[in-house]
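Some notes on the structure that comes next.
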Amino acid sequence: MSSERQCLGVPNQCDYSRELITRALDGQPTLESIGHVRVELANCLPCVLVLDVEVRFKLAMSQACRESAPAELQVRITETLQRVVLDDLDIEDF
């Protein structure tokens with residue numbers, strides 16, 4: 001992270017803070033990458049709060065995606081998909 005650029009102190013209006021947050025949370029974020037961003041944004045509490053919200057959101061989404069559908073629902077979805085005749089679909093249906 002470069003300390004030559006600085007956060008402007010305006011949440012969601014600063015390209016630099018947005019870039020830092022996006023880069024830190026891209027793929028599999030690490031405590032180290034999040035910590036680096038936290039240091040870079042240390043002078044801007046609003047942007048640190050935005051980072052915290054983004055981290056919480058990513059964590060919640062990753063936990064939610066670990067849950068699987070109940071077996072009965074999985075069977076119903078599979079049966080429904082098997083009944084769909086792909087030849088009957090047209091690109092305009094989507």
Side-chain angles (χ1 to χ4, degrees):
M1 309 273 163
S2 169
S3 55
E4 295 172 11
R5 294 174 62 194
Q6 292 184 345
C7 176
L8 299 176
V10 182
N12 298 319
Q13 299 298 314
C14 176
D15 290 337
Y16 179 62
S17 65
R18 210 171 325 153
E19 176 186 321
L20 287 174
I21 292 169
T22 300
R23 197 174 346 145
L25 299 179
D26 190 35
Q28 292 285 344
T30 64
L31 291 176
E32 183 180 10
S33 66
I34 294 168
H36 284 297
V37 172
R38 210 176 285 289
V39 168
E40 288 286 322
L41 301 177
N43 294 325
C44 181
L45 180 60
C47 287
V48 171
L49 294 175
V50 169
L51 172 64
D52 289 344
V53 168
E54 294 288 337
V55 167
R56 287 188 192 128
F57 177 78
K58 182 142 184 146
L59 180 61
M61 291 304 295
S62 70
Q63 290 174 345
C65 292
R66 290 183 187 152
E67 297 176 17
S68 60
E72 181 179 288
L73 178 58
Q74 291 178 12
V75 169
R76 283 184 24 220
I77 291 171
T78 301
E79 289 173 348
T80 300
L81 290 174
Q82 288 173 347
R83 286 193 300 261
V84 173
V85 178
L86 296 178
D87 293 340
D88 293 342
L89 296 178
D90 188 2
I91 192 68
E92 294 174 5
D93 292 333
F94 299 96

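It should be emphasised that the depicted structure is a prediction, and the values quoted were computed from it without experimental measurement.
Pairs engaging residues 44-55 under the salt bridge (charged side-chain N to carboxylate O under 4.0 Å, His left out) rule: R38-D52 [sequence neighbours left out].
Screening L51, V48, I21, L20 for a side chain to side chain contact (heavy atoms under 4.5 Å, CB included) with E40, the sole residue that qualifies is L20.
For E32, the side chain to side chain contact (heavy atoms under 4.5 Å, CB included) partners are T30, H36, not counting sequence neighbours.
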Could you tabulate the donor-acceptor pairs under 3.5 Å formed by side-chain atoms of residues 69-77, not counting sequence neighbours?
unit_1, atom_1, unit_2, atom_2, d
Q74, NE2, A69, O, 2.8

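Contact record, I34 with P29: CD1-CB, 4.1 Å, taken as the closest heavy-atom pair. Nearest approach of C47 to S17, heavy atoms of both residues: SG-OG, 3.6 Å.
The distance from the OH atom of Y16 to the SG atom of C44 is 12.0 Å, given to the nearest 0.5 Å.
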